[in-house]
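Note that ligands are numbered from 1 as they come in the structure, with each ligand's atoms numbered from 1 the same way. A quick note: this is a predicted structure, and the numbers were derived from the prediction, not measured.
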Amino acid sequence: AAHPEKKVALYFVVLGFVALLIGTLFGPLQALNYAGINLYPLLEPLVKSYYQGLTLHGVLNAIVFTQLFAQGVVPYLQARELGVRPNLTLSWIAWWMVLVGLVMAAVPLLTDDATVLFTFYPPLQGHWAFYVGAALIVLSTWVTAYVSLEMWLRWKRQHPGQVTPLVTYMSVTYWLMWLLASIGLVVEAAVFLIPWSLGIAWKDGVDPLVARTLFWWTGHPIVYFWLLPVYIAAYAMLPRFAGGKLVSDPLARVVFLAFLLFSTPVGFHHQFADPGISPTWKMIHTVLTLMVAVPSLITAFTVGASLEFAGRVRGGRGVLGWIPKLPWRNPTVAAFLLAFIAFIPGGAGGIVNASFSLNYVVHNTAWVVGHFHLQVATMVTLSFMGLSFWLLPHLTGKPLVKPGVALASVWLWFIGMMVMALGLHWMGLLGVPRRTWISNMAEEGVYAQAAVPMVFNAIAGVVLLVAAAMFFYVFFATLLQSRRNAREAWEEVPFAEVLSGPEGRRSVRLMDRVGLWFGIALALVLVVYLPTLVGLFRNMVAAPGMRLW
Ligand code: HAS
């Protein structure tokens with residue numbers, strides 16, 4: 001075959017969507033719980049509780065699906081841009097690592113021995129196989145990161161003195177960001193979770209504060225690990241799909257460099273309510289969180305301007321007249337446009353969350369769930385769904401089945417998620433807690449104040465089920481059919497042209513010194529984490545009575 005790397009990309013993507021299919025089926029049950037309706041008894045004895053369902057939902061959708069899509073698509077696009085072949089042996093090793101990890105984690109999840117939610121930090125304890133499986137899944141990303149970096153270095157040796165092409169720049173900074181970000185989780189699993197759950201160490205307990213701090217070292221930047229493949233596609237291909245050009249290549253580099261620097265040193269914004277971390281460090285993490293919102297604000301401008309350019313090329317006039325001229329009937333484009341629209345309130349809500357004092361109003365309420373359904377369940381998932389309508393035909397050579405159904409699924413997904421996000425944010429402000437089995441209390445009138453937004457959740461749960469059914473029909477009907485397109489219809493990767501390129505810019509050369517920037521990013525993370533981590537660790541050793549377990 002001309003491009004053997006297509007096969008491994010396809011395997012990653014399909015396994016990812018299988019995870020999404022299973023995880024998504026729990027979504028309506030979650031939504032109905034938040035409408036006071038408990039359908040979990042229907043799943044017994046397979047799934048025993050709301051919490052077990054919630055763990056499966058969060059792990060499969062947020063963690064497994066997103067990662068697999070990234071591992072499939074990002075190195076693939078990089079390889080096609082550079083015209084080099086990725087190390088296929090290592091790519092397949094990474095795929096098998098995820099599969100084995102997934103099976104290992106799935107067994108205790110399904111037997112209710114790892115009902116620890118997708119944040120899985122102590123004091124909740126799961127079966128060791130869950131943690132070992134999760135660790136394998138994460139370590140497989142290090143293999144993929146190596147594949148990406150090795151391709152880049154190989155290209156550099158063959159093209160001395162040349163500036164890294166844009167997609168490769170985005171891919172390399174992305175994987176370096178993730179290498180730095182994932183250290184926290186790997187240390188948490190290797191030093192604490194695995195020995196503790198196996199019973200070979202920490203017999204008198206682990207300190208949840210140490211474990212949580214290591215978890216959130218990874219737990220915030222992981223959201224950019226999910227998000228940035230969308231940005232890569234939005235910079236590299238969306239302008240072309242929409243009929244225009246990317247307005248600025250250097251600005252896209254600024255965005256990815258900023259994510260490398262600022263994604264990780266921000267985790268305390270998930271721990272404002274935790275004792276034992278000084279308010280000074282919490283404030284510093286707040287400021288850095290506002291810094292990491294900047295590359296998204298730049299993206300709003302660059303992607304927005306590129307879309308406006310496309311709309312005007314297509315005959316749009318006036319201030320907003322370019323919007324209806326965009327190719328809304330193309331399901332890939334529509335998915336991206338709707339995803340980006342959802343990201344506007346999602347990002348604004350994130351800034352509310354990050355604001356030290358406002359966080360106390362929303363922390364641990366349904367508001368936070370509303371926030372991340374705009375971010376990961378709409379922005380990321382809807383974009384991935386949209387991209388798959390292009391990707392599947394591209395990778396398999398088979399035409400997209402029923403583009404009309406694809407388009408409808410995208411709209412329904414968007415509408416369902418918007419209705420649900422509105423309901424959840426509203427419920428949060430009315431004091432409804434997150435991740436709580438509230439449907440068992442509905443009869444007693446607990447949370448009666450939230451009756452109206454609860455209706456939103458019920459409606460959304462049903463709409464989303466229909467959307468998912470339509471989407472997965474299109475996905476699997478496309479994948480499993482025997483029809484094929486003419487070769488020239490699907491071979492090329494439609495990278496966008498740029499209006500303003502990287503040529504001759506000193507700033508681009510400076511940004512290209514990726515090793516230097518990685519060093520600065522590492523130093524920044526150590527500065528904002530080590531004083532607190534060392535202090536917490538000392539307390540843990542000095543006062544074992546404080547440990548929970
Ligand atoms: Fe978040 C909690 C802060 C982004 C996901 N977040 C979560 C959790 C998840 C999550 C899963 O500071 C819950 C974790 C848990 O279970 O406990 N988040 C932020 C901030 C941002 C942010 C400041 N989050 C994300 C992304 C996620 C995600 C991205 C997933 C992919 N988040 C928080 C905080 C908490 C939190 C606190 C803890 C809350 C608590 O108390 O527990 C920023 O990165 C957001 C920046 C984004 C923007 C938006 C820019 C707009 C764009 C769209 C432009 C539109 C165009 C369309 C171009 C500033 C780019 C034009 C089209 C036409 C048709 C016209």
task: Could you tell me whether some N/O pair between Asn359 and ligand 1 is separated by less than 3.5 angstrom?
output: yes
message: Does ligand 1 come near enough to Trp226 that some N or O of the ligand is less than 3.5 Å from an N or O of the residue?
response: no
Donor + acceptor pair across side chains of [X], [Y] (<3.5 Å):
| X | Y | answer |
| --- | --- | --- |
| Gln125 | Ser197 | no |
| Ser148 | Ser171 | yes |
| His127 | Tyr131 | no |
| Thr213 | Gln271 | yes |
| Ser306 | Tyr235 | no |

Identity of the nearest option to [atom], non-hydrogen atoms only, from [options]:
| atom | options | result |
| --- | --- | --- |
| atom 15 (C) of ligand 1 | His270, His269, Arg434, Gln271 | Arg434 |
| atom 42 (O) of ligand 1 | Arg435, His373, His363, Met291 | His363 |
| atom 61 (C) of ligand 1 | Ile351, Val368, Leu307, Val292 | Leu307 |
| atom 64 (C) of ligand 1 | Phe340, Trp328, Tyr231 | Trp328 |

- prompt: Taking the six-membered ring for Trp, is the centroid-to-centroid distance between Phe389 and Phe475 below 6.0 Å?
  reply: no
Close approach of [X] to ligand 1, heavy atoms, under 4.0 angstrom:
| X | answer |
| --- | --- |
| Phe118 | yes |
| Met379 | no |
| Trp216 | yes |
| Tyr224 | yes |

Starting from [atom], locate the nearest protein heavy atom and write down its residue, its atom name and how far away it is, to 0.1 Å.
| atom | value |
| --- | --- |
| atom 51 (C) of ligand 1 | Phe343 CD2, 3.8 Å |
| atom 60 (C) of ligand 1 | Ser296 O, 3.4 Å |
| atom 54 (C) of ligand 1 | Ala300 CB, 3.6 Å |

Identify each donor-acceptor pair in which a side-chain atom of residues 24-34 lies under 3.5 Å from a protein atom, sequence neighbours left out, and give them as a table.
unit_1 : atom_1 : unit_2 : atom_2 : d
Thr24  : OG1    : Leu20  : O      : 2.6
Gln30  : NE2    : Tyr40  : OH     : 2.6
Asn33  : OD1    : Ile438 : N      : 3.2
Asn33  : OD1    : Ser439 : N      : 2.9
Asn33  : OD1    : Ser439 : OG     : 2.8
Asn33  : ND2    : Thr436 : O      : 3.1
Tyr34  : OH     : Pro433 : O      : 2.6
Tyr34  : OH     : Arg435 : N      : 3.2
Tyr34  : OH     : Thr436 : N      : 3.2

Atom pair [atom1] ([X]) and [atom2] ([Y]), whose distance is rounded to the nearest 0.5 Å:
| X | Y | atom1 | atom2 | result |
| --- | --- | --- | --- | --- |
| Leu56 | Leu109 | CG | CG | 5.0 Å |
| Thr302 | Leu307 | OG1 | CG | 10.5 Å |
| Thr264 | His285 | OG1 | NE2 | 10.5 Å |

task: Decide ring pair (Phe, Tyr, Trp, His ring centres under 6.0 Å) for Tyr169 and Phe256; before the verdict, give the C-alpha distance in whole Å, the side-chain angles of both, and the deciding distance to 0.1 Å.
output: CA-CA 8 Å; Tyr169 187 80; Phe256 275 75; 7.9 Å; no
Under 4.0 Å to a heavy atom of [X] - the qualifying atoms of ligand 1, by number:
| X | value |
| --- | --- |
| Gly347 | 45 (C), 47 (C), 48 (C), 49 (C) |
| Gly304 | 58 (C) |
| Thr289 | 23 (C) |
| Val380 | 31 (C) |
| Leu297 | 59 (C) |

message: Please give me the protein atoms (N, O or S only) lying under 2.8 Å from atom 1 (Fe) of ligand 1, ordered by chain and number.
response: His371 NE2
task: Could you name each residue pair satisfying side-chain hydrogen bond (donor to acceptor under 3.5 Å, both in side chains) that touches residues 412-434, not counting sequence neighbours?
output: none
task: Name all pairs fulfilling the side-chain hydrogen bond (donor to acceptor under 3.5 Å, both in side chains) condition that reach into residues 326-339, sequence neighbours left out, sorted by first residue then second.
output: none
Lys325 to Gly315 - nearest heavy-atom pair and separation: CE-O, 3.8 Å
Per-residue contact class, Ile323 against ligand 1 - non-hydrogen pairs under 4.0 Å: side chain
message: Under a 3.5 Å distance rule, please check whether Ser49 uses its side chain to pair with a backbone N or O of Gln52 as donor and acceptor.
response: yes
